[in-house]
Amino acid sequence: MNDAPVAIFDSGVGGLTVASAIAKRLPDEHLVYLGDTARLPYGTKSAETVTRYAVQATRALMRFQPKLIVVACNTASAVALPVLAAAYAPVPVLGVVEPGARAAIAASRGGPIAVIATEGTVKGGAYVRAIHALKPDAKVVQRACPLFVALAEEGWTDGDVPERAAERYLHDIFASAEPPDTLVLGCTHFPVLAGPIAKAVGKAVTLVDSAATTAREVETLLDSRNLRRNAVAKPPTFMGTDAPERFARVGSRFFGRTIAETQVELVDLTP
Ligand code: DGL
């Protein structure tokens with residue numbers, strides 16, 4: 001079991017920010033990554049549809065007999081985690097919402113916590129519930145920032161356009177009488193926009209990136225179950241449900257390393 005892969009999925013290539021954080025922290029692990037690029041975005045779809053897609057993605061990953069499944073998509077984590085955990089037990093299923101909530105509580109200096117995410121994640125309220133489960137009196141403000149997903153995919157991660165978008169989305173929250181001291185980047189795509197987001201909210205605000213915190217939780221989980229890989233390191237396996245060329249080109253930016261088109265296997269998740 002130790003040498004089985006860590007399976008990761010996202011609605012697209014954004015979850016490669018999570019895969020990258022896991023690869024940095026656990027360089028010996030074999031990562032199998034599936035991006036449902038044909039059906040992105042999940043963030044604007046209903047909870048029922050996202051859950052159905054997440055079950056199909058996880059089923060495709062099960063052929064690798066993983067030791068752990070990481071739902072590297074905030075929207076899918078927010079709506080589908082209990083269904084996946086029940087369907088694939090005893091394989092542990094880890095989402096990104098709870099690690100992000102824990103990191104936010106740890107980072108906050110007692111002020112309100114802001115969460116930015118997709119429409120689906122905000123509507124479902126999973127971050128608010130996860131934060132309140134840990135700190136019932138925490139004040140949480142949420143904002144959907146769907147345009148950030150497109151900007152990140154386009155590679156417009158610095159300069160005037162993302163800075164103005166960040167300002168427009170976030171100004172009123174951070175100019176309020178009780179501004180948050182912590183901001184959770186509750187979407188896979190947002191860590192690459194951390195520069196313009198930080199500029200819009202100011203230096204006093206701590207940005208919490210659920211990719212890094214999820215990687216830490218993967219490490220903790222593998223260690224607690226004595227599941228670290230013993231065999232020699234193996235390069236990651238990449239799968240997409242559409243357009244391997246785009247997966248490789250855009251995905252390389254999120255992964256922080258070059259992914260070749262030939263490394264991306266095209267898979268069909270429809271039953
Ligand atoms: N992966 C999604 C998330 O983290 C963002 C992109 C999408 O809407 O599918 O919520």
Side-chain angles (χ1 to χ4, degrees), residues 7-22 33-58 61 69-81 84 93-101 103-104 114-130 142-157 162 165 169 183-194 197 207-215 238-243 246-247 250-251 253-255 269:
I8 306 166
F9 84 86
D10 177 39
S11 54
V13 291
L16 287 163
T17 54
V18 179
S20 165
I22 297 173
Y33 182 92
L34 168 64
D36 192 4
T37 41
R39 303 190 290 197
L40 176 120
Y42 282 10
T44 51
K45 296 190 171 77
S46 69
E48 294 72 26
T49 298
V50 172
T51 302
R52 181 157 45 86
Y53 289 175
V55 168
Q56 289 170 353
T58 310
L61 289 168
I69 294 159
V70 180
V71 184
C73 173
N74 288 262
T75 310
S77 296
V79 301
L81 211 60
L84 298 177
V93 183
L94 195 72
V96 287
V97 171
E98 280 184 15
V115 178
I116 55 172
T118 63
E119 277 174 61
T121 303
V122 166
K123 215 156 137 196
Y127 269 103
V128 180
R129 279 195 302 281
Q142 301 191 92
R143 170 104 353 130
C145 303
L147 200 59
F148 283 166
V149 173
L151 288 172
E153 293 251 330
E154 196 61 31
W156 289 9
T157 52
Y169 276 135
L183 173 63
V184 181
L185 307 181
C187 174
T188 50
H189 285 59
F190 296 178
V192 296
L193 290 160
I197 293 170
L207 299 196
V208 171
D209 166 353
S210 57
T213 49
T214 302
F238 298 108
M239 289 175 291
T241 52
D242 194 23
R246 189 171 199 282
F247 184 116
V250 181
R253 274 203 301 273
F254 288 94
F255 196 48
L269 300 184

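In each ligand, atom 1 is the first atom listed, and ligand 1 is the first ligand listed.
- A heavy-atom distance below 4.5 Å is found between the side chains of V71 and L84.
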Derivation of the side chain to side chain contact (heavy atoms under 4.5 Å, CB included) call for D36 and F9: CA-CA 8 Å; D36 192 4; F9 84 86; over 6 Å; no

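- Aromatic ring centroids of F255 and F238 lie under 6.0 Å apart.
- By the criterion of a heavy-atom distance under 4.0 Å, both the backbone and the side chain of T188 are placed next to ligand 1.
- When only interatomic distances are considered, the shortest N/O to N/O separation between D10 and ligand 1 falls below 3.5 Å.
- The protein atom (non-hydrogen) at minimum distance from atom 10 (O) of ligand 1 is T75 OG1, 2.6 Å.
- Heavy-atom proximity to S11, at under 4.0 Å, picks out these atoms of ligand 1: 1 (N), 2 (C), 6 (C), 7 (C), 9 (O).
- The pair E153-R246 counts as a salt bridge, with a side-chain nitrogen and a carboxylate oxygen less than 4.0 angstrom apart.
- Using a 4.0 angstrom heavy-atom cutoff, C187 counts as in contact with ligand 1.
- No N or O atom of G186 sits closer than 3.5 Å to an N or O atom of ligand 1.
- Only the side chain of L40 comes within 4.0 Å of ligand 1, judged by heavy-atom distances.
- At a threshold of 4.5 Å between non-hydrogen side-chain atoms, the residues V18 and V96 count as touching.
- In terms of polar-atom proximity, H189 is not counted as a contact of ligand 1, lacking any N or O under 3.5 Å from an N or O of the ligand.
- When all heavy atoms of P162 and T157 are compared, the pair lying nearest together is CG-C, 3.9 Å.
- The ring of Y53 has its center closer than 6.0 angstrom to the ring center of Y42.
- Shown in contact with G43 at under 4.0 Å from a heavy atom are these atoms of ligand 1, numbered in order with element: 7 (C), 8 (O), 9 (O).
- Looking at N74 next to ligand 1, an N or O pair under 3.5 Å apart turns up.
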